[in-house]
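Proteins come first, then strands; the chains are lettered A, B, ... in the order of their sequence lines, and each starts at number 1. None of these values were measured; they are calculated from a predicted model. We use all heavy atoms of the structure for the numbers below, so side chains are in, but hydrogens, waters and symmetry mates are not.
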Protein chains: 2
Amino acid sequence: MSRVLVVDDDPQLLRALRITLRAAGHEVVVAPDGATALREAAASHPDVVVLDLGLPDLDGTEVLAGLRPWFTGPVLVLTARTASADAVAALDAGADDYVTKPFDMDELLARLRAVLRRRSTETTAPVVVTDHFTVDLAARQVTVDGVPVRLTPTEWALLSELVRAPGRLVGQRQLLQSVWGPAYETETNYLRVYLAQLRRKLEPDPAHPRYLHTEPGMGYRFRP
Amino acid sequence: MSRVLVVDDDPQLLRALRITLRAAGHEVVVAPDGATALREAAASHPDVVVLDLGLPDLDGTEVLAGLRPWFTGPVLVLTARTASADAVAALDAGADDYVTKPFDMDELLARLRAVLRRRSTETTAPVVVTDHFTVDLAARQVTVDGVPVRLTPTEWALLSELVRAPGRLVGQRQLLQSVWGPAYETETNYLRVYLAQLRRKLEPDPAHPRYLHTEPGMGYRFRP
DNA sequence: TCCCGGCGTCAAGGTCGCGTCAGGATCGGC
DNA sequence: GCCGATCCTGACGCGACCTTGACGCCGGGA
């Protein structure tokens, strides 16, 4: 079903988790400490990480910090500590959920299902491709028919906001807010000007847009 | 920041939550029982729901079941029961997270931040499907027999209001108020005109509506 | 049978939003 | 200080959308 990386220093608990998760149809990878966890995460690309906060070498939040820059899947934190301050810190550090020990195995499985269900619909596509152009969100580069095209900062901000939601309509208020700031929510003419420039640079026929559609009165939509 | 619907029958806790959430920058709507909760959720369109499982009239999971068909935001369940079976049931019924009472206020706020953060980057598709057309509320897109159909802002506002209450009757006053504003509560001819347009665009036989039904003198009803 | 309120349909007018263009302002590099 | 790129701003025409009114149909009640 999914590959789960379990990080815990208690061999007995590790064994119990491995058996239970296997029985639930998951593939299980284990790590007894933080350093191994980071290495295993990079090597085995798990779908979800179950992370104990109390580790021998690193603090759990440190592992989380090491994971988060590149690991986009959900992280479920496990902790024996009763102080909820730790949980707060973990959640704010990027954890998706946490369970305090001792915990019920069914509850852990349910929370795991919940976080996996949430993530299952997410898109993890750093590069968007169409028949005529490609947008590499990570490299900040756009190519039309294979040749790179220069975009101004504003054009790029607008385009990335649109391609990040392929097929979805993005309201003009949202576009204005994320590109120009909350104070410009009514300056819809900005959108008209820059959408025209983007179409000129990207669309095969700017007069009849094929990818950057406008929905009158509502916003714009990128259709791949 | 966000609109939060808090459902709990304990007036004291309700008051504490209202104050704390307000202080955290949220807009707060409260409901003391399940029936009120469902009504308020439909009326005020909250971003997130904090739901106590122990309510006087309905079971919490029933409220969840009533909410989930159309409510797309996260639901955070609150429960005094220690048995984790309830939590498992709630999570599988569509809850995003749960906290057991007594709980730390900071922890609740942290979990609220966590679910709201997830929601902001998520692409969960609350999509309503019929045999002839589909309505994707998140993407703001309607397809009839697979092909996308353009709707005007007014048409969309009206349709989404109807589709969000599948099977339920929506009064003409409520429709007029939420689409055109409180000042237009008597302009029932607007509804006739736009319902006709929606039927023309969506119904297989606009003269004999199969999905968008008229309840004379009362309102309209979407039947999936 | 006639009347009447509610609904569906249609068409026409006015308004609003969008695309386009160009000129001026601003900023950064040399 | 000059120059280019980039951004902002305003004006204009056009098309789409919203509004408004009129008309016919249907069902219930007098």
Side-chain angles (χ1 to χ4, degrees), chain A residues 140 142 148-162 169-222, chain B residues 140 142 148-162 169-173 175-181 183-222:
Chain A
R140 288 209 155 206
V142 178
V149 171
R150 277 188 41 76
L151 292 187
T152 73
T154 311
E155 288 166 0
W156 175 260
L158 187 57
L159 178 65
S160 68
E161 199 67 21
L162 280 171
L169 183 139
V170 187
Q172 23 195 26
R173 282 248 303 275
Q174 185 185 334
L175 287 172
L176 287 165
Q177 185 172 336
S178 57
V179 175
W180 283 273
Y184 295 79
E185 279 190 353
T186 57
E187 305 285 336
T188 58
N189 44 334
Y190 291 10
L191 293 177
R192 295 204 294 273
V193 172
Y194 282 94
L195 253 298
Q197 292 187 7
L198 280 177
R199 291 204 251 247
R200 246 197 308 278
K201 291 188 176 182
L202 302 180
E203 291 276 0
D205 179 9
H208 304 92
R210 179 169 163 186
Y211 305 104
L212 301 170
H213 297 266
T214 145
E215 308 268 344
M218 304 203 285
Y220 293 85
R221 184 196 308 272
F222 166 69
Chain B
R140 287 211 163 195
V142 177
V149 171
R150 283 186 21 71
L151 293 187
T152 73
T154 311
E155 288 166 359
W156 176 260
L158 186 57
L159 178 65
S160 69
E161 201 66 22
L162 281 171
L169 173 77
V170 186
Q172 17 195 27
R173 281 250 304 275
L175 286 173
L176 287 164
Q177 184 173 337
S178 58
V179 175
W180 282 273
Y184 294 79
E185 279 190 355
T186 57
E187 306 283 339
T188 58
N189 45 334
Y190 289 9
L191 293 178
R192 293 203 295 276
V193 172
Y194 280 94
L195 253 298
Q197 292 187 7
L198 279 178
R199 291 203 252 248
R200 243 198 309 279
K201 291 188 175 182
L202 302 181
E203 292 275 1
D205 180 9
H208 304 93
R210 179 169 162 186
Y211 304 103
L212 300 170
H213 296 269
T214 302
E215 307 271 346
M218 313 264 302
Y220 293 85
R221 182 195 308 271
F222 166 70

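At C:dG8, one or more side-chain N or O atoms of B:T214 fall inside 4.0 Å of OP1 or OP2 (strictly under the cut-off). Phosphate contact (OP1/OP2 of D:dC18, side-chain N/O of B:T154, threshold under 4.0 Å): present. Contact annotation: A:Y220 reaches the phosphate of C:dG19 (side-chain N/O to OP1 or OP2, under 4.0 Å). For B:R199 and C:dT9, the shortest distance from a side-chain N or O to OP1 or OP2 is not below 4.0 Å. Considering only side-chain N and O atoms, A:R150 lies under 4.0 angstrom from the phosphate OP1 or OP2 of D:dT6. Using a 4.0 Å cut-off, no side-chain N or O of A:Y190 falls inside it from OP1 or OP2 of D:dC7.
The distance from atom NE2 of A:H208 to atom C1' of D:dG15 is 13 Å, rounded to the nearest whole Å. Between A:L158 atom CG and D:dT6 atom C1' the separation is 15 Å, expressed in whole Å. The distance from atom CG of B:L195 to atom P of C:dC7 is 10 Å, rounded to the nearest whole Å. Look at CG on A:L191: it is 15 Å from C1' on D:dT9, rounded to the nearest Å. Counting to the nearest Å, the P atom of C:dT20 and the CZ atom of A:R192 are 11 Å from each other. Atom-to-atom, CD of A:Q197 to P of D:dC7 comes out at 8 Å; the value is rounded to the nearest Å. Spacing between atom CH2 of A:W180 and atom P of D:dC8 amounts to 7 Å, rounded to whole angstrom units. In this entry the distance linking NE2 of A:H213 with C1' of C:dG19 reads 16 Å, nearest Å.
Residue contacts for B:T188: at a heavy-atom cut-off of 4.0 Å it reaches no nucleic acid atom on any strand shown. Within the 4.0 angstrom heavy-atom criterion, only backbone atoms of the sugar-phosphate kind lie near A:Q172; the bases stay farther away. Nucleic acid contact class of A:Y184 (heavy atoms, under 4.0 Å, all strands): none.
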- prompt: When you look at A:L191 and A:W180, which way does the side chain to side chain contact (heavy atoms under 4.5 Å, CB included) test go after all the steps?
  reply: CA-CA 10 Å; A:L191 293 177; A:W180 283 273; 3.9 Å; yes
field: Stepwise ring pair (Phe, Tyr, Trp, His ring centres under 6.0 Å) check, A:Y194 with A:W156
entry: CA-CA 10 Å; A:Y194 282 94; A:W156 175 260; over 10 Å; no
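Two end axes, each from the C1' atoms of five base pairs, can be drawn for the helix from C:dT1-D:dA30 to C:dC30-D:dG1; they diverge by 30°, to 10 degrees.
The CD atom of A:E215 sits 5.0 Å away from the CG atom of A:L169 when rounded to the nearest 0.5 Å. In this structure, the separation between NZ on B:K201 and CD on B:E155 is 3.5 Å, given to the nearest 0.5 Å.
Legend: residues meeting side-chain contact (heavy atoms from CB on, under 4.5 Å) with B:E203, ordered by chain and number and at least two apart, are B:R199, B:P209, B:R210, B:Y211, B:L212. By the salt bridge (Lys or Arg N to Asp or Glu O under 4.0 Å) test, A:E185 pairs with A:R173, sequence neighbours left out.
Of the candidate nucleotides D:dC17, C:dT9, D:dT6, C:dT9 has the atom nearest to the side chain of B:A196. Which of C:dC10, D:dT20, D:dT6 sits closest to the side chain of B:R200 comes down to C:dC10.
Considering all non-hydrogen atoms of both residues, A:V170 and A:E161 come closest at CG2-O, 4.3 Å.
For the side chain to side chain contact (heavy atoms under 4.5 Å, CB included) criterion with A:L159, the lone passing option out of A:T154, A:V179, A:L198 is A:L198.
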